[in-house]
Amino acid sequence: MEKIRMTTPLVEMDGDEMTRIIWKMIKDELLYPFIDLKTEYYDLGLPERERTKDQVTFDSAYAAQKYGVAVKCATITPNKQRVEEYNLTEMWKSPNGTIRAIMDGTVFRAPITIDAIKPVVRNWKKPITIARHAYGDVYKATEYRVPSAGKATLSFKGEDGTEFSKTIYDFECAGVLQGQYNKDTSIISFAHSCFKFAIDTKQDLWFSTKDTISKQYDQTFKLIFEEIYNNHYKDQFEKLGITYFYTLIDDAVARVIRSEGGYIWACKNYDGDVMSDMVSTAFGSLAMMTSVLVSPDGKFEYEAAHGTVTRHYYRYLKGEETSTNPMATIYAWSGALRKRGELDKLDELVSFANKLEEACIDTLNDGIMTKDLVGLVDEGFSATAVNTLDFIKAVRTRLETKL
């Protein structure tokens, strides 16, 4: 068959360790045979980030802004042990954090569901998408140990001369102190991204914080969402028959557990971090979780929600066979290709992305799986564990039939 032609390149962000190996397998087996693949390539593996003093990460994010669609492999955020292992000159920051900050984006994560694996929460019938505000809060906090008794204050000095200060606590002993922040511009971008994604996917949108306790910080989020919804999106929501509502985070957790799924749950940074892991685990596995970064001006970066699978990589280096689940990484590619096709009006590319995902689901429902999923299969279904490459080849066989 003639290869599908692309008109605009994807921004391709390569990564680290086992996912980097899988990245190449996916391109060799599932993409190159069928697509005249056009990408602008950036190597975000730690060695290249070290060589360029992390400039390559910034360049990739600017390219994503330029071309509108990017696909990213999992990358390492180095700790002290990684600095020594890779002989780094600096503990480079999270590539995801850098890219999110430049694109001003919101992360949307949703589980990939199959018939053979039922969610732990028995009434969940549809995927739940977590929208995480990936800026500020505890992740950008300033903190330190309080060594002894004393007064801690929170102060502000404005450029216009405004000044105020409040006592946080009169410490009678040693303790710990933390100051965190967010900003209106980032919250506004978060809100627009959430409302636009809900309209694009035709799903209800929930938003939850704890404004009854955090009467300024969390209430700012609540009020900004409310204002933007009423002024920009209410009519579109009503025409589509979808809803937006705000509730407290504790009430949202209870509602989520009782629900059947099928909506977007928007959360602040830490809440989204925790709840996306809860949702992914309850549905099956982090390796069965899609993740897309969406900017308020309609730019997209697709990635796997999990890490670089270090343990499997060390086994791979020893020449041992691994059974690493490639589903999330395949879906990063299919999501990016579909969006590129939609933006460029390439129906053939959109169709290919859809058929690639169908081939993945068919493979799993036929009982061909990596080891992480075999133990999750419900009674009445049989499953065989295969290595990563054999799984990808099984997907290719089904994809060729569909094409």
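As the structure is a computational prediction, the values presented were derived from the model and not from experiment.
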Would Trp265 and Met275 count as a side-chain contact (heavy atoms from CB on, under 4.5 Å) if you check the C-alpha gap in whole Å, the side-chain angles of each, and the deciding distance to 0.1 Å? CA-CA 9 Å; Trp265 181 12; Met275 296 308 171; 3.7 Å; yes

Yes or no on salt bridge (charged side-chain N to carboxylate O under 4.0 Å, His left out) for Asp344 and Arg340, after CA distance, side-chain angles and deciding distance? CA-CA 6 Å; Asp344 294 348; Arg340 186 76 275 164; 3.0 Å; yes

For Phe237 and Ile242, run side-chain contact (heavy atoms from CB on, under 4.5 Å): C-alpha distance rounded to whole Å, both residues' side-chain angles, the deciding distance at 0.1 Å, then the answer. CA-CA 5 Å; Phe237 268 61; Ile242 57 177; 3.6 Å; yes

Check the pair Lys24, Asp28 against salt bridge (charged side-chain N to carboxylate O under 4.0 Å, His left out), reporting the backbone distance first and the verdict last. CA-CA 6 Å; Lys24 186 176 185 303; Asp28 289 344; 2.7 Å; yes

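The ring of Phe197 has its center closer than 6.0 angstrom to the ring center of Phe108. Proximity of the aromatic rings of Tyr229 and Phe195 is defined here by a centroid distance below 6.0 angstrom, and this criterion is met. For an aromatic pair to be called close, the ring centres must be under 6.0 Å apart, and Tyr217 with Tyr181 fails this. Checked against the 6.0 Å centroid criterion, the rings of Trp206 and Tyr263 qualify as a close aromatic pair.
Residues satisfying the salt bridge (charged side-chain N to carboxylate O under 4.0 Å, His left out) criterion with Lys222, sequence neighbours excluded, are Asp211. When the salt bridge (charged side-chain N to carboxylate O under 4.0 Å, His left out) test is applied to Lys126, the partners found at least two apart in sequence or on another chain are Glu260. Every residue two or more places apart in sequence or in another chain that forms a salt bridge (charged side-chain N to carboxylate O under 4.0 Å, His left out) with Arg255 is listed here: Asp251. For Lys210, the salt bridge (charged side-chain N to carboxylate O under 4.0 Å, His left out) criterion is met by Asp250, not counting sequence neighbours.
Judged purely by atom type and a 3.5 angstrom limit, Ser186 has no side-chain atom pairing as donor or acceptor with the backbone of Asn182. The backbone N or O of Gly158 sits nowhere less than 3.5 Å from a side-chain atom of Thr162 that would complete a donor-acceptor pair. Under a 3.5 Å cut-off, the side chain of Asp271 and the backbone N or O of Cys267 do not form any donor-acceptor pair. One N or O on the side chain of Gln236 and one on the backbone of His232 form a donor-acceptor pair closer than 3.5 Å. The backbone N or O of Ala304 sits nowhere less than 3.5 Å from a side-chain atom of Arg109 that would complete a donor-acceptor pair. Side chain of Lys234 to backbone of Asn231: no donor-acceptor contact under 3.5 angstrom is found. Using modelled atom types, no side-chain atom of Asp378 and backbone atom of Ile117 make a donor-acceptor pair closer than 3.5 Å. Judged by distance alone, the side chain of Asn123 and the main-chain N or O of Arg258 form a donor-acceptor pair under 3.5 Å. At distances below 3.5 Å, not a single donor-acceptor pair connects side-chain atoms of Glu357 with backbone N or O atoms of Ser334. Here the side chain of Ser189 pairs a donor or acceptor atom with the backbone of Thr185 at under 3.5 angstrom.
Using a cut-off of 4.0 Å between Lys/Arg side-chain N and Asp/Glu carboxylate O, Lys66 and Asp59 are scored as not salt-bridged. In summary, Arg315 and Glu321 do not engage in a salt bridge, as defined by a charged side-chain N under 4.0 Å from a carboxylate O. A salt bridge does not link Glu342 with Lys345: every distance from a Lys NZ or Arg NE/NH1/NH2 to an Asp or Glu carboxylate oxygen is 4.0 Å or more. We find that Glu301 and Lys72 are not joined by a salt bridge, their nearest charged nitrogen and carboxylate oxygen being 4.0 Å or further apart. Remark: Arg82 engages Glu85 in a salt bridge, criterion side-chain N to carboxylate O under 4.0 Å. Classification of Glu12 and Lys27 as a salt-bridged pair holds, one side-chain N sitting under 4.0 Å from a carboxylate O. Ion pair Asp54/Lys93 not flagged as a salt bridge, since none of the NZ, NE, NH1 or NH2 atoms sits closer than 4.0 Å to an Asp/Glu carboxylate oxygen.
Annotation: side chain of Glu227 is not in contact with side chain of Leu223 (no heavy-atom distance under 4.5 Å). Considering only heavy atoms from C-beta on, Phe391 comes within 4.5 Å of Pro326 through its side chain. Counting heavy atoms from C-beta outward, Ile26 and Ile22 have side chains that approach closer than 4.5 Å. Contact annotation: the side chain of Val386 never approaches that of Met369 to less than 4.5 Å [non-hydrogen atoms, C-beta and beyond]. The side-chain heavy atoms of Glu17 and Ile76, taken from C-beta on, include a pair separated by under 4.5 Å. Looking at Ser208 and Leu248, their side chains never come closer than 4.5 Å, going by heavy atoms from C-beta outward.
Met91 and Pro78 get closest at one heavy-atom pair: CG-O, 3.1 Å.
No more than 12 heavy atoms of other residues, nucleotides or ligands shown are found within 6.0 angstrom of CD on Gln216. Atom CZ of Phe245 has more than 12 neighbouring heavy atoms from other residues, nucleotides or ligands inside a 6.0 Å radius. In the displayed structure, Glu238 atom CD is contacted under 6.0 Å by more than 12 heavy atoms of other residues, nucleotides or ligands.
Among Thr75, Thr77, Val309, the one residue that satisfies the side-chain contact (heavy atoms from CB on, under 4.5 Å) test with Asp16 is Thr75.
Thr370 and Asp372 form a side-chain donor-acceptor contact under 3.5 Å, judged by distance and modelled atom types alone.
Using the six-membered ring where Trp is involved, Trp23 and Trp333 have ring planes that are tilted, between 30° and 60° apart. A tilted orientation is assigned to the rings of Tyr135 and His133, their planes being inclined by 30° to 60°.
A cation-pi geometry, defined here as NZ or CZ lying under 6.0 Å from the six-membered ring centre and within 45° of its normal, does not hold between Lys151 and Tyr169.
For residues 359-369, every residue pair satisfying the salt bridge (Lys or Arg N to Asp or Glu O under 4.0 Å) rule, not counting sequence neighbours, is listed here: Asp362-Lys402, Asp366-Arg398.
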Would you mind writing out the side-chain donor-acceptor pairs for residues 138-146 within the sub-3.5 Å range, not counting sequence neighbours?
residue	atom	partner	partner atom	Å
Tyr139	OH	Asp273	OD2	2.5
Glu143	OE1	Gln178	NE2	2.8
Arg145	NH1	Gly175	O	3.1

